[in-house]
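The shown structure was predicted, so the numbers you read here are calculated from the model rather than taken from an experiment.
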Amino acid sequence: MQDPKETINIENVVASTGIGQELDLQSVAMDLEGADYDPEQFPGLVYRTQEPKSAALIFRSGKIVCTGAKSTDDVHESLRIVFDKLRDLEIQVDEDPEIVVQNIVTSADLGRNLNLNAIAIGLGLENIEYEPEQFPGLVYRLDDPDVVALLFGSGKLVITGGKEPDDAKKAVDKIVSRLEELGLLDG
Amino acid sequence: RLRKWQERIRTKDAGERNLQFALSEIDRMSSALGVPRSVREVASVIYRRALDDDLIRGRSIEGVATAALYAACRQEGIPRSLDEVAEVARVEQKEIGRTYRYIAQELSLGLEPVDPVQYVPRFCSELGLSEEVEQKTREIIEVTAEKGMLSGKSPTGYAAAAIYAASLLCNEKKTQREVAEVAQVTEVTIRNRYQEQIEALGIH
DNA sequence: GCTTTAAAAAGTAAACT
DNA sequence: AGTTTACTTTTCAAAGC
């Protein structure tokens, strides 16, 4: 296979922002087509964008969470659509609300099968969580970058908890070198 | 001063009552699962350690007691699956698993992933299979796991498939349904693991 | 703690055809 | 038996219970 870093793919980006204005979600729900609002179940109103595909959770405080986008650019594009929809409803929306990326979910492929049992022992049982009866992935928490990796027997992995795309690259680098020095990446 | 003293007694009594309740629950579940007395004792020790380390805060006594018993079975090398434990517990499987992961981490229990081989004697015995099948099953598990095929797979499903395969090879056939029943897995899982195992063993 | 939203990984499971 | 749908794990924000 190739360089694992080349296989990194962003699967989901979660971000938060705010329009700087309080909202009457009941009336927004009435006027905004496709809006899902059930305050008994959840305090936020759900609005989905098609292109780029994402889901926005809009709160009474005017704060918004956007999730499901495949890149930080898509997050901005999705939120631009949400802002414009709200402006169409004659709601005041700040000029350029600050958008903060809270979490990036990434997938990657180490290109070779992994013996999770050996890796669990090698990395140290106190540093990992591997309960195949409950979930097929091995959970590995890194300090720097501060992310969580899920390793699978196929060699594929998920990196989550990062704030910037670069965190996934750093994490894959660390994981690869750690497994290599343990002699668990060959065979 | 008297109130303070009474409060202390009350707290102490409540703590005692809670501990007694937890230990009686461990006893009740142990009996239902048919685990030896030594396992109950290990479970009690784990529960007391969790209590001493304040791990019960924010969790139910019942959940910690159940997780302690699940951990004790594993520590003693005679595991019960979460499914089996959940059947006799008063908390749901998801909470048992979550609580087990928490106390295992906090108490540094250092338990390795369950080895499918540890389920073999009990399952084979329940199925009335011979020592020969049991030995063949162990061989199948060891040889295929060596090839890295165990990664991510459920230990019970893996053991069940190997038992099914061994029963065929030793002419003591048990149906997938019979094996699935004692291992608490579906026939689909046995079929999938069985196909992989016989392919890896080169039995065609 | 919980509720909701999204997404990937791989295993298991249940409901259908 | 094969397909589809769905749930397990991790992460994160939001407001309220």
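For B/Ser30 against B/Leu69, the heavy-atom pair with the smallest separation is OG-CD1, 3.4 Å.
Remark: A/Glu131 engages B/Arg74 in a salt bridge, criterion side-chain N to carboxylate O under 4.0 Å. Taking a cutoff of 4.0 Å between a charged side-chain nitrogen and a carboxylate oxygen, A/Glu77 and A/Arg80 qualify as a salt bridge.
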Quick one: side chains of residues 41-54 of chain B, donor-acceptor pairs under 3.5 Å with protein atoms, not counting sequence neighbours, listed by atom name and distance.
from, atom 1, to, atom 2, distance (Å)
B/Ser44, OG, B/Arg40, O, 2.9
B/Arg49, NH2, B/Leu107, O, 3.0
B/Asp54, OD2, B/Arg57, NH2, 3.4

In residues 136-161 of chain A, what donor-acceptor pairs under 3.5 Å come from side-chain atoms, sequence neighbours left out?
from, atom 1, to, atom 2, distance (Å)
A/Ser154, OG, A/Lys156, N, 3.2
A/Thr160, OG1, A/Asn103, OD1, 3.4

Quiz: residues 169-178 of chain B side-chain donor-acceptor pairs under 3.5 angstrom, not counting sequence neighbours:
from, atom 1, to, atom 2, distance (Å)
B/Glu172, OE1, B/Ser130, N, 3.1
B/Glu172, OE1, B/Ser130, OG, 3.4
B/Glu172, OE2, B/Ser130, OG, 2.5
B/Lys174, NZ, B/Leu127, O, 3.2
B/Thr175, OG1, B/Glu178, N, 3.1
B/Thr175, OG1, B/Glu178, OE1, 3.3
B/Gln176, OE1, B/Arg191, NE, 3.1
B/Glu178, OE1, B/Thr175, N, 2.8

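Partners of A/Asp36 under the side chain to side chain donor-acceptor pair (under 3.5 Å) rule, at least two apart in sequence or in another chain, are A/Arg48. Every ring-ring contact (aromatic ring centres under 6.0 Å, His included) that A/Phe59 has, sequence neighbours left out, goes to A/Phe42.
Residue whose closest nucleotide on DNA chain D sits further toward the 5' end, between A/Phe152 and A/Ser61: A/Phe152. Judged by closest nucleotide on DNA chain C, B/Gly58 is the one of B/Gly58 and A/Gly68 placed further toward the 5' end. Both A/Val105 and B/Arg98 lie near DNA chain C, and the one whose nearest nucleotide falls closer to the 5' end is B/Arg98. Each of A/Val148 and A/Lys63 was assigned the nucleotide of DNA chain D with the nearest heavy atom; the assignment lying further toward the 5' end belongs to A/Val148.
Both key distances under 3.5 Å define a Watson-Crick or G-U pair, and stretches of 3 or more such consecutive pairs in DNA chain C run C:1-5 with D:13-17, C:10-17 with D:1-8.
Residue contacts for B/Arg57: at a heavy-atom cut-off of 4.0 Å it reaches no nucleic acid atom on any strand shown. In this structure, A/Ser154 reaches the sugar-phosphate backbone alone: every heavy-atom distance under 4.0 Å involves primed, P, OP1 or OP2 atoms, never a base. The residue A/Val158 sits close to a base: some heavy atom pair falls under 4.0 Å.
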Salt bridge (Lys or Arg N to Asp or Glu O under 4.0 Å) evaluation trace for B/Glu95 with B/Arg98: CA-CA 5 Å; B/Glu95 194 194 328; B/Arg98 187 187 300 151; over 6 Å; no

A/Arg87/A/Asp84 under salt bridge (Lys or Arg N to Asp or Glu O under 4.0 Å): CA gap, chis, key distance, verdict: CA-CA 5 Å; A/Arg87 290 192 181 102; A/Asp84 285 345; 3.1 Å; yes

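Using modelled atom types and a 3.5 Å distance limit, the side chains of A/Glu11 and A/Ser107 yield a donor-acceptor pair. In summary, the side chains of B/Thr144 and B/Gln197 do not present any donor paired with an acceptor at a separation below 3.5 Å, with no hydrogens or angles considered. Side-chain N/O atoms of B/Gln20 and B/Arg17 include no donor and acceptor closer than 3.5 Å.
Within residues 46-60 of chain A, the residues that have a heavy atom under 4.0 Å from DNA chain C are, in order of number, A/Val46, A/Arg48, A/Lys53, A/Ala55, A/Leu57. DNA chain C is contacted by no residue of residues 87-95 of chain B, taking any non-hydrogen atom closer than 4.0 Å.
To the nearest whole angstrom, the two C1' atoms, one in C/dA9 and one in D/dG2, are 23 Å apart. Here the separation of C/dA10 from D/dC12, taken at their C1' atoms, is 23 Å to the nearest Å. Spacing between D/dA14 and C/dA8 at atom P, rounded to whole Å, works out to 25 Å.
Screening residues 17-33 of chain A for salt bridge (charged side-chain N to carboxylate O under 4.0 Å, His left out), with sequence neighbours left out, gives A/Glu22-A/Arg60. Screening residues 107-123 of chain B for side chain to side chain donor-acceptor pair (under 3.5 Å) gives B/Glu84-B/Arg122 as the qualifying pairs, with residues at least two apart or on separate chains.
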Provide a list of protein-nucleic acid N or O atom pairs under 3.5 angstrom, restricted to nucleotides 11-14 of chain C.
from, atom 1, to, atom 2, distance (Å)
C/dG11, OP1, B/Lys153, NZ, 3.0
C/dT12, OP1, B/Ser154, N, 2.9
C/dT12, OP2, B/Arg193, NE, 2.9
C/dT12, OP2, B/Arg193, NH2, 2.6
C/dA13, OP2, B/Thr186, N, 3.2
C/dA13, OP2, B/Thr186, OG1, 3.0
C/dA13, OP2, B/Thr189, OG1, 2.6

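A cation-pi contact links B/Arg59 to B/Tyr102, judged by a cut-off of 6.0 Å to the six-membered ring centre and 45° from its axis.
A/Ser107 contributes no side-chain N or O that forms a donor-acceptor pair with the base of C/dA8 under 3.5 Å.
For DNA chain D, the outermost nucleotides in 5' to 3' order that have an atom under 4.0 Å from a heavy atom of chain A are D/dT8 to D/dG16.
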